Trainee: 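The structure that follows is given in the form of structure tokens.
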Amino acid sequence: MNTRTEPTRDDLLLYAAGELPPDRAAAIERRLRKEAEARRALEQLRGDLRRLSSLQVEPLPAALRRRITAAAFRARRRRRWAWVGVAAAAAAAAAAVVLAVLLTMHSPPAPPAPQGPQDVHAPDTEAVLNRLANLSEDVDALESELVTAGGQDLDAALGEAHERLNELDAMVGLQAPL
Amino acid sequence: MDDQQLVSVIGRCQKGDRAAFEWIVNAFGGSIFAFLLRMVGRRDLAEDLLQDVFVRMIGSIGRYDHRDRFAAWLFRIAANLVRDHVRKIRRRGQTFSGDSTDGDHEATLSVLPAEEPAAAERLAADEDRRRLHWALGQLSEEYRQVVLLRHYSQLSFKEIAEILGCPLGTALARMHRGLARLRALMGAPQRPKTNGPQEREPQKTKP
């Protein structure tokens, strides 16, 4: 329970900023009616806040917006590929374990296997990952080139590059969190 | 900006929609950039930090759950990046612009080179604004942070206190002191030799 009865300096600032709850605002207003000093303090605070309003916000230059978008989506893509790599490695490891178990169960107990379980993996996984990584680098390079080149069609070209990458994602059935 | 529109855009951005991301950059980038620029005093550095804000945003927007206002969430990222930047500078033994003492007009700005005259002119269209920029550059980091967060983010003091991880009373006290200091500086004569980056004047050369 708030036991304060006398409005404080903080209350005055919150009142000037329009953030004081109605009950406290009413207390401030009673005090303002009675005290010239409080009125002066409030006017001073309002003047201070008004002065800040001359600090303007300018729209971001188009080149900076493009740079930010390119960097953000590049970072996002890298995170996704990293996630894909982890998932693929986990899948390969799981497949290796299953294969090892199957080989153990169905092979004659003769000579030991030349490879350990960790060396057994689906033959195409690595190739696919490499291809994806190369493609990602190509898109990064293209994007950097487009960003630095300038021109009115940049956004469309960048969008197209990303769409192609997304199509590839869909093609290989990759779904990664952001 | 309509709340429902913002929720919809955030949802699309969470799914990786590029246009939604650009909409967010357009809507919030200007005010965040202004905050960063006035905090660090250098346009190139502020641009890099702004880029980091949005790179972090896209990396974690999937976890944004609308409990905080979106602006508060973004400004928290920006404030954290400024804090990390200041720590890095101090670890290297350099001086940050906010290291000036509150009772002293002498600001030490050794790591903050001047903005280019053209940029300064753009930002300071008139003498009062130029002077205000100068005065802000003289405030200690913690006072300046509260004053600028309040102005550029339009967040409540309660939200600002949450961003800064301090009690509401502390945020209000910093605002009081920051405003009082600004008032005093705006009425005081400027000292060209100790100017901050925002009010850099052409250097006089000996004949």
Side-chain angles (χ1 to χ4, degrees), chain A residues 8-21 41 44-80 82-83 143 155-156 158-163 165-166 169 175-178, chain B residues 13-16 18-19 21-22 25-26 28-35 37-38 47-48 50-63 122-126 128-133 135-136 147-148 150-152 156-158 168-169 171-173 175-176 178-180 182-183 186:
Chain A
T8 64
R9 189 180 68 152
D10 288 351
D11 285 340
L12 205 60
L13 178 54
L14 289 169
Y15 180 78
E19 294 178 25
L20 205 59
Q44 193 173 53
L45 273 176
R46 284 181 168 156
D48 292 340
L49 295 172
R50 260 197 310 274
R51 180 181 293 128
L52 293 177
S53 65
S54 70
L55 294 172
Q56 294 176 338
V57 173
E58 296 178 2
L60 295 180
L64 179 57
R65 281 189 277 118
R66 278 200 298 273
R67 181 185 129 187
I68 288 169
T69 303
F73 277 79
R74 195 160 48 239
R76 177 174 177 269
R77 249 190 337 266
R78 286 193 179 130
R79 269 192 297 273
R80 297 184 76 184
W83 183 90
E143 193 173 69
D155 288 340
L158 285 170
E160 191 180 334
H162 283 285
E163 272 178 28
L165 198 64
N166 287 337
D169 284 357
Q175 290 296 325
L178 279 169
Chain B
C13 190
Q14 286 173 326
K15 291 174 186 161
R18 190 185 179 92
F21 175 83
E22 287 171 343
V25 172
N26 273 333
F28 295 96
S31 53
I32 296 173
F33 177 71
F35 165 73
L37 179 60
R38 298 261 73 87
E47 287 181 358
D48 289 347
L50 182 69
Q51 179 176 309
D52 289 347
V53 168
F54 286 106
V55 166
R56 287 197 184 189
M57 183 202 89
I58 205 164
S60 53
I61 195 168
R63 295 190 293 276
R122 277 202 305 277
L123 288 167
D126 55 42
D128 279 350
R129 203 181 315 151
R130 194 185 69 82
R131 197 173 179 79
L132 180 57
H133 290 173
L136 281 165
V147 170
L148 293 177
R150 169 67 192 173
H151 175 68
Y152 287 119
S156 69
F157 285 110
K158 184 168 176 286
L168 173 62
L172 290 170
M175 185 72 179
H176 267 298
L179 290 177
L182 276 182
R183 199 184 313 131
M186 293 295 282

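None of the values given here were measured: they were computed from a predicted structure. Chain identifiers are assigned alphabetically (A, B, ...) following the order of the sequence lines, protein sequences preceding nucleic acid strands; residue numbering begins at 1 within each chain. Hydrogens, waters and symmetry mates are skipped; everything else that's a heavy atom, side chains included, is used.
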Trainee: Between chain B and each of A:Leu13, A:Leu12, A:Val57, count heavy-atom pairs under 4.5 Å; write down the option with the most.
Mentor: A:Leu13
Trainee: Measuring only between side-chain heavy atoms, which start at C-beta, is B:Leu168 closer than 4.5 Å to A:Asp10?
Mentor: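 Side-chain contact under 4.5 Å: no.
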Trainee: Write down the atom of B:His151, the atom of A:Ser53, and the distance for their closest heavy-atom approach.
Mentor: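 Heavy atoms of B:His151 and A:Ser53 come nearest at CE1-CA, 3.7 Å.
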Trainee: Using a cut-off of under 4.5 Å for heavy-atom pairs, which of A:Leu64, A:Leu49, A:Leu45, A:Leu60 has the most such pairs with chain B?
Mentor: A:Leu60
Trainee: How close do A:Ser54 and B:Leu132 get, counting heavy atoms only, and between which atoms?
Mentor: OG-CD2, 3.4 Å
Trainee: Could you tell me which non-hydrogen atom of A:Arg51 sits nearest to which non-hydrogen atom of B:Arg183, and how far apart they are?
Mentor: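 A:Arg51 and B:Arg183 have their closest heavy atoms at NH1-CA, 3.8 Å.
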Trainee: Under a 4.5 Å heavy-atom cut-off, does chain B meet the side chain of A:Ala75, its backbone, both or neither?
Mentor: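 Side chain of A:Ala75 only, per the 4.5 Å heavy-atom cut-off to chain B.
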Trainee: On a heavy-atom basis, which atom in A:Ile68 and which in B:Gln51 lie closest, and how many Å separate them?
Mentor: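 Of all heavy-atom pairs spanning A:Ile68 and B:Gln51, the closest is CG1-CA, 4.0 Å.
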Trainee: With rounding to the nearest 0.5 angstrom, report the CG to NZ distance, A:Leu14 to B:Lys158.
Mentor: 12.0 Å
Trainee: Using 0.5 Å steps for rounding, measure from the CZ atom of B:Arg129 to the CD atom of A:Gln56.
Mentor: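 Separation between the atoms: 4.0 Å.
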Trainee: Count the heavy-atom pairs under 4.5 Å between each of B:Ser156, B:Ala173, B:Ser31 and chain A, then report the option with the highest count.
Mentor: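 The option with the most such pairs is B:Ser156.
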Trainee: Select one option (side chain, backbone, both, neither) describing which atoms of B:Phe35 are under 4.5 Å from chain A's heavy atoms.
Mentor: neither
Trainee: Specify the closest pair of heavy atoms between B:Phe54 and A:Ala72, including all atoms of both residues, with the distance to one decimal.
Mentor: O-CB, 4.0 Å
Trainee: Looking only at heavy atoms and a cut-off of under 4.5 Å, which of B:Arg150, B:Arg56, B:Met175 has the most pairs with chain A?
Mentor: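 Most heavy-atom pairs under 4.5 Å with chain A: B:Arg150.
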Trainee: Does the A:Glu19 side chain pair with the main chain of B:Phe157, one donor and one acceptor, at a distance under 3.5 Å?
Mentor: yes
Trainee: Could you walk me through whether A:Arg67 and B:Asp48 pass side-chain contact (heavy atoms from CB on, under 4.5 Å), step by step?
Mentor: CA-CA 10 Å; A:Arg67 181 185 129 187; B:Asp48 289 347; 2.6 Å; yes
Trainee: Can you tell me how far CZ of A:Arg74 sits from CD1 of B:Ile58, rounded to the nearest 0.5 angstrom?
Mentor: 12.0 Å
Trainee: For B:Gly16 versus A:Arg76, what's the shortest heavy-atom pair and its separation?
Mentor: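 For B:Gly16 and A:Arg76, the tightest heavy-atom pair comes out as CA-NH2, 3.4 Å.
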